Amino acid sequence: MKLVTCGLPYANGKAHIGHLRTYVPADVYVRYLRLMGQDVLFICGSDCHGTPIVVNAEKEGISPRELVDRYHEHFQRIFKELGIEFDFYGRTDAEYNHRRTQEIVKRLIENGYVYAKEIELAYCPKCDRFLPDRYVEGICPYCGAIARGDECDQGCGRHLEPGEIKEPKCKICGSKAEFRKQKHYFFKLTAFKDFLIDYLENKLQGTENALNYARQWVKAELRDWCITRNLEWGVKFPGEEDLVVYVWVDAPIGYISFTEEACKLKGLNWKEIWLNGEISDITHFIGLDIVYHHCIFWPAMLKGAGYSLPKAVVASGMVKVEGKTFSKTRGYVVWVEDDYLKAGFNPDYLRYYIVNYTSHEKDLNFSWKVFRDKVNNEIIATLGNFIYRVLHFAWKNFGKIEGKVDPAVMDKIAEIKDKIVSAIGKWEFKEASDAFMELATFGNEFFQSSKPWDLIKTDRSKCMDVLASCIQIVKALVIFAYPVMPKTMSKLAEFLGFDIAKARLEDALKPIESIELSKPFIPFEKVDDKKIEEMEKIMLERIRKAEEVEAGKKEELIDIKEFAKLDIRIGRIVKAEKIKGSKKLMRLEVDIGNEVRQIVAGIAEVYKPEELVGKLVPVLVNIKPAKLMGVESRGMVLAADVNGKPVLLHPDREVPPGSKIK
RNA sequence: GCCGAGGUAGCCUAGCUGGUUGGGGCGUCGGACUCAUAAUCCGAAGGUCCCGGGUUCGAAUCCCGGCCUCGGCACCA
């Protein structure tokens, strides 16, 4: 029994096209494996724990469970509609996952891979609880900027050790927090370094993007992981009522507990998968963002607890939307339900697009125009049209087809089958889908050059043979394309009188002796331009709104007194040099009239030092000094922000340095 | 700057353990056909294979140097 899993969607938001980049190919993979006669268990579920869920639930005034329920159902619905069929779709907050997680943690403790350590954590006396990192705010001891729990994110960027932050405040009630010592538990990841190097170099298979990334991390620096958190929501750490296990412990364990549940339902033994010697036939489909967890943390945990290790990790590339980096906040997103499904598009189209656009490892660009073109030119004109023209012609002129299939046709089908098998073995789903499209084109050529519309008038028997060959191709296409477009292809299989669920790739090569046809249906409906324009409008509107929100944040009105607090003066740049080790930072010496100040500015990507010297620029003089890349900055050069790039401002005419700006 | 992935015709790409005129798809242009959802088929145009060196009888393919793009980290006072 082979196990295939997908990275668990976090039950904290709706499904978007980025999710599908992983789930669709995984489903396609599983369907092809089954067509090859393999026994596969396909598992996924909702990732339900972690602080972001707790924070969001609190914001909405509901319990974490209610929030999780909502998205758990949402994802199940989306998967069903898109034909992504898991054998089991679980949730990590279920009893079975808690049980398995505690069992594994206990094993790790028994085997000596977990140790306790006292660390200082912010504690709010008013709320009477320890505060997870993102609930703490305070002052950075190094640069004085406002910093959050573990990091000076707005100031010097330093990583802050627990206890370092000054004047800690609770972000929930705003009252002063204090530091209290608390015992936490660490997983000895460092003990697995040699094991991981060997595993990643010699044992683990998968896509290069994942493996290379992980190898680099392991060789660099491994640190022990703190695996407990101060939360109520989560899996209790054994023996510690107040601590839950870190979300990245219980989430992947979901793969195991979901397998158990699936096996119960199917009368199988889960231990044959997860307690089956060193390496087991387990394949994880994931996004590039969680490579670290799946290639490093997870195998170490499994090893430490005595479980089997995954055989392969397959990571999908990133998703772009209309050529831009995917971003929910900036509006470059396609929501599966609100955008795609509500517009009434056939889910098979999106599956085809995702699988066929480019190699699994590379970036996928989603564009509505490309979507329309791929659907209309490839799915409909080439594949759908071939299927329909053959079935329609055969039904109209014969009704029943009994004829000899051309050996060249059989050879071609066999060739395509081999291509598909080889492509699936490499996780190259575009290659597999290109292969059946090639067969459709071959079919069109065969039909065209055989001219059955002429033969029907001169030689009915020969015409019948041509049709027999064409129907053989149609059957092969239905089987070969089924994993990518299950909804339409199963309807066609039914029309042709066979059960696709029991089909094998080899069946495409079994000659159809005789087939009786009824009136065929048009397999795919065209996507029209108006609909695409609508979709583009929706997206543009969303992008515009996102920009407005961004601008709106800055549009808080202030009065002149507040403005007067800003001491802005014209300064002359007298020296400029790039800061070593930084891409964006430039060290400037600026004459602001009564003194020359050192200022660090993030302009090095756009400006060269030599073009800056002598230039007059506005400088915010009374900003708190800060250190950037270890260089002190005592002021801020003002510039226009154009698509994230700075454009410097210069006075209309020569003015003396130090001139005040009002 | 560091690490990773890449740079092949308007777009997506195959080839990358070196070897006949660099394949394919979409789009474009011309033609043919009419069974079919104006679908299909045939043909054509379109490429400094990022740039510069080197190895070699021979390089898109190997080596060195550089440029650029994407992602991650650092950072944008």
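Note that these values count all heavy atoms, side chains included, but never hydrogens, waters or copies made by symmetry. Worth saying up front: this structure is predicted, and the values here are computed from it rather than measured. So that the names make sense, note that chain A is the first sequence line, chain B the second, and so on, each numbered from 1.
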Closest to side chain of [X], choosing from [options]:
{"X": "A/Glu378", "options": "B/C12, B/C26, B/C41", "value": "B/C26"}
{"X": "A/Tyr388", "options": "B/A36, B/C26, B/C42", "value": "B/A36"}
{"X": "A/Pro523", "options": "B/A77, B/C35, B/U37", "value": "B/U37"}
{"X": "A/Glu445", "options": "B/A77, B/C70, B/C42", "value": "B/C42"}
{"X": "A/Lys526", "options": "B/A36, B/A39, B/U13", "value": "B/A39"}
{"X": "A/Phe393", "options": "B/C35, B/C26, B/C12", "value": "B/C35"}
{"X": "A/Arg389", "options": "B/G27, B/U40, B/A77", "value": "B/U40"}
{"X": "A/Leu585", "options": "B/C75, B/A14, B/U37", "value": "B/C75"}
{"X": "A/Met636", "options": "B/A77, B/A36, B/C41", "value": "B/A77"}

Please report the distance separating the [atom1] of [N] from the corresponding atom of [M], rounded so that it comes out in whole Å.
{"N": "B/C26", "M": "B/C62", "atom1": "P", "answer": "30 Å"}
{"N": "B/G23", "M": "B/A14", "atom1": "P", "answer": "16 Å"}
{"N": "B/G71", "M": "B/A32", "atom1": "P", "answer": "49 Å"}
{"N": "B/U48", "M": "B/A5", "atom1": "P", "answer": "28 Å"}
{"N": "B/A39", "M": "B/U20", "atom1": "P", "answer": "39 Å"}
{"N": "B/C50", "M": "B/U69", "atom1": "C1'", "answer": "11 Å"}
{"N": "B/C68", "M": "B/G27", "atom1": "P", "answer": "35 Å"}
{"N": "B/U55", "M": "B/C70", "atom1": "C1'", "answer": "32 Å"}

Next on the checklist: Can you tell whether the side chains of A/Lys530 and A/Glu534 come within less than 4.0 Å, N to carboxylate O?
Outcome noted: no
Checklist entry - Would you call A/Lys491-A/Glu494 a salt bridge at under 4.0 Å N-O? => result no
Within the structure shown, what part of the strands sits under 4.0 Å from [X] by heavy-atom distance: base, sugar-phosphate, or nothing?
{"X": "A/Lys451", "answer": "nothing"}
{"X": "A/Ala601", "answer": "sugar-phosphate"}
{"X": "A/Asp363", "answer": "sugar-phosphate"}

For [X] and [N], what is the distance between atoms [atom1] and [atom2] respectively, to the nearest whole Å?
{"X": "A/Phe442", "N": "B/G24", "atom1": "CZ", "atom2": "P", "result": "17 Å"}
{"X": "A/Lys362", "N": "B/G4", "atom1": "NZ", "atom2": "P", "result": "18 Å"}
{"X": "A/Phe524", "N": "B/A39", "atom1": "CZ", "atom2": "P", "result": "16 Å"}
{"X": "A/Phe429", "N": "B/U13", "atom1": "CZ", "atom2": "P", "result": "17 Å"}
{"X": "A/Leu391", "N": "B/U37", "atom1": "CG", "atom2": "P", "result": "13 Å"}
{"X": "A/His360", "N": "B/U13", "atom1": "NE2", "atom2": "P", "result": "15 Å"}
{"X": "A/Arg597", "N": "B/A77", "atom1": "CZ", "atom2": "P", "result": "17 Å"}
{"X": "A/Arg372", "N": "B/G27", "atom1": "CZ", "atom2": "C1'", "result": "11 Å"}

Checklist entry - If you find the nucleotide of RNA chain B closest to A/Lys396 and the one closest to A/Phe386, which residue's nucleotide is nearer the 5' end? => result A/Lys396
Next on the checklist: I want to confirm an ordering. Mapping A/Ser449 and A/Ile380 to their closest nucleotides on RNA chain B, which one lands closer to the 5' end?
Outcome noted: A/Ile380
Item to check | Residue pair A/Phe326 / A/Gly18: nearest heavy atoms and the distance that separates them | outcome: CE1-N, 4.2 Å
Checklist outcome for this item: Between A/Leu585 and A/Gly602 the two heavy atoms that sit nearest each other are CD2-CA, 4.1 Å
Item to check | B/C2 - base-pair partner by Watson-Crick or wobble geometry, distances under 3.5 Å | outcome: B/G72
Next on the checklist: Which nucleotide, if any, forms a Watson-Crick or G-U wobble pair with B/U56, using both distances under 3.5 Å?
Outcome noted: none
Item to check | Short side-chain donor-acceptor distance under 3.5 Å, A/Asn397 and A/Arg460 | outcome: no
Next on the checklist: Between A/Thr22 and A/Ser316, do the side chains contain a donor N or O and an acceptor N or O under 3.5 Å apart?
Outcome noted: yes
Next on the checklist: Please determine whether a side-chain nitrogen or oxygen atom of A/Asn376 lies at a distance below 4.0 Å from atom OP1 or OP2 of B/U37.
Outcome noted: no
Item to check | Counterpart residues, ring-ring contact (aromatic ring centres under 6.0 Å, His included), relative to A/Tyr23 (two or more places apart) | outcome: A/Phe79
